[in-house]
Participant: 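Let me begin by handing over the structure; questions about it come next.
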Amino acid sequence: QKEVEQNSGPLSVPEGAIASLNCTYSDRGSQSFFWYRQYSGKSPELIMFIYSNGDKEDGRFTAQLNKASQYVSLLIRDSQPSDSATYLCAVLSGNTPLVFGKGTRLSVIA
Amino acid sequence: DAMVIQNPRYQVTQFGKPVTLSCSQTLNHNVMYWYQQKSSQAPKLLFHYYDKDFNNEADTPDNFQSRRPNTSFCFLDIRSPGLGDAAMYLCATSRDTGRPAGEQFFGPGTRLTVL
């Protein structure tokens, strides 16, 4: 059973701070990693994906991947109240569908 | 704008009364997915279509069926809803060249209530 683990939170950060969201996965053969944002009562929306070890930056968001440690993270710089949402980590392995974690609820306090 | 549309947005049904949820897409993606999501839980994949090729997850109850009459439309049929089937049902699509992909586009979801 392929598993994706996330701390459910809530993770509370003050406005302007860096939010750090973490995710571990069980399948060492996993190839692609995705971060989805889900506002309360809404559907998930893809914000970033990463395939290679290291960092990938897109605006205020940075995804970090360490395949040896089976660990992927999402950093949100200059956090805003509008970033308050649940962040779902998702992992793709081989020819099987995407596996989602339960998500981490982020609360940015103004 | 190209998008994924789900109807209805809210569905109330009675215990045991069949219900059909619909999904349409203008993205022309060849893969379509149905997920069930309960509060504070991960989206749970029920099944997916790669074109007309239907793929059922092993733990999807027989109570759940799906149809994809063409590229644009996909339906989720719940034959005899139970109280435990109350959830948000999410339709998603992806374009793909031969296998499920991680970049998925979700519809707004249908919130199902079972009385």
Side-chain angles (χ1 to χ4, degrees), chain A residues 1-11 21 23-27 29-52 56 58 63 65 72 74 85-107, chain B residues 1 3-7 9-10 21 23 25 27 29-50 53-60 66 87-113:
Chain A
Q1 181 82 4
K2 296 171 184 174
E3 294 183 348
V4 177
E5 299 287 341
Q6 296 181 257
N7 187 322
S8 61
L11 172 66
L21 305 160
C23 172
T24 59
Y25 57 95
S26 63
D27 183 3
S30 299
Q31 303 147 320
S32 312
F33 308 86
F34 302 82
W35 284 99
Y36 283 79
R37 178 176 61 200
Q38 187 173 25
Y39 291 112
S40 181
K42 304 294 186 183
S43 57
E45 170 193 19
L46 180 68
I47 53 172
M48 283 204 75
F49 59 87
I50 186 167
Y51 302 141
S52 304
K56 179 181 178 184
D58 183 0
L65 174 61
V72 59
L74 179 70
T86 296
Y87 289 81
L88 300 166
C89 173
V91 176
L92 192 63
S93 303
N95 209 24
T96 58
L98 203 59
V99 178
F100 283 90
K102 290 185 178 181
T104 298
R105 189 156 59 93
L106 172 67
S107 178
Chain B
D1 285 340
M3 57 177 60
V4 182
I5 301 163
Q6 290 187 246
N7 283 302
R9 296 290 309 277
Y10 301 91
L21 311 182
C23 177
Q25 54 128 341
L27 297 163
H29 286 171
N30 56 340
V31 191
M32 293 187 78
Y33 309 82
W34 278 107
Y35 290 90
Q36 179 194 64
Q37 188 178 29
K38 296 184 179 180
S39 181
S40 301
Q41 294 188 20
K44 178 182 183 296
L45 183 64
L46 297 173
F47 16 64
H48 73 276
Y49 282 90
Y50 174 67
D53 181 22
F54 176 70
N55 298 271
N56 196 33
E57 292 302 296
D59 57 355
T60 298
S66 184
M88 176 76 89
Y89 289 87
L90 297 164
C91 174
T93 71
S94 65
R95 60 174 169 260
D96 189 77
T97 58
R99 57 187 173 90
E103 185 177 5
Q104 297 186 8
F105 298 82
F106 284 83
T110 295
R111 171 77 62 188
L112 177 67
T113 299

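Chain A is the first sequence line, chain B the second, and so forth, proteins listed ahead of strands; every chain is numbered from 1. Please read these numbers as outputs of a predicted model, since none were measured by experiment.
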Participant: Under a 4.5 Å heavy-atom cut-off, does chain B meet the side chain of A:Gln38, its backbone, both or neither?
Facilitator: side chain
Participant: Using non-hydrogen atoms and a 4.5 Å limit, figure out which bit of A:Phe33 sits close to chain B: side chain, backbone, both or neither.
Facilitator: neither
Participant: Look at atom NZ of A:Lys102 and say whether more than 12 heavy atoms of other residues, nucleotides or ligands are closer to it than 6.0 Å.
Facilitator: no
Participant: Tell me, yes or no, whether the heavy-atom count around A:Lys42 atom NZ, taken from other residues, nucleotides or ligands under 6.0 Å, exceeds 12.
Facilitator: no
Participant: Does any backbone or side-chain atom of B:Pro43 lie under 4.5 Å from a heavy atom of chain A? Answer side chain, backbone, both or neither.
Facilitator: both
Participant: Could you go step by step and tell me if B:Ile5 and B:Met3 meet the side-chain contact (heavy atoms from CB on, under 4.5 Å) rule?
Facilitator: CA-CA 6 Å; B:Ile5 301 163; B:Met3 57 177 60; 3.8 Å; yes
Participant: Under a 4.5 Å heavy-atom cut-off, does chain A meet the side chain of B:Tyr35, its backbone, both or neither?
Facilitator: side chain
Participant: Over all heavy atoms of both residues, which pair between B:Gln104 and B:Ser94 is shortest? Give the atoms and the distance, please.
Facilitator: CG-CB, 4.2 Å
Participant: Measure from the ring center of A:Phe49 to the ring center of A:Tyr51 and say whether it is less than 6.0 Å.
Facilitator: yes
Participant: Tell me, for B:Gln6 versus chain A, whether the close heavy atoms (under 4.5 Å) come from the side chain, the backbone, both or neither.
Facilitator: neither
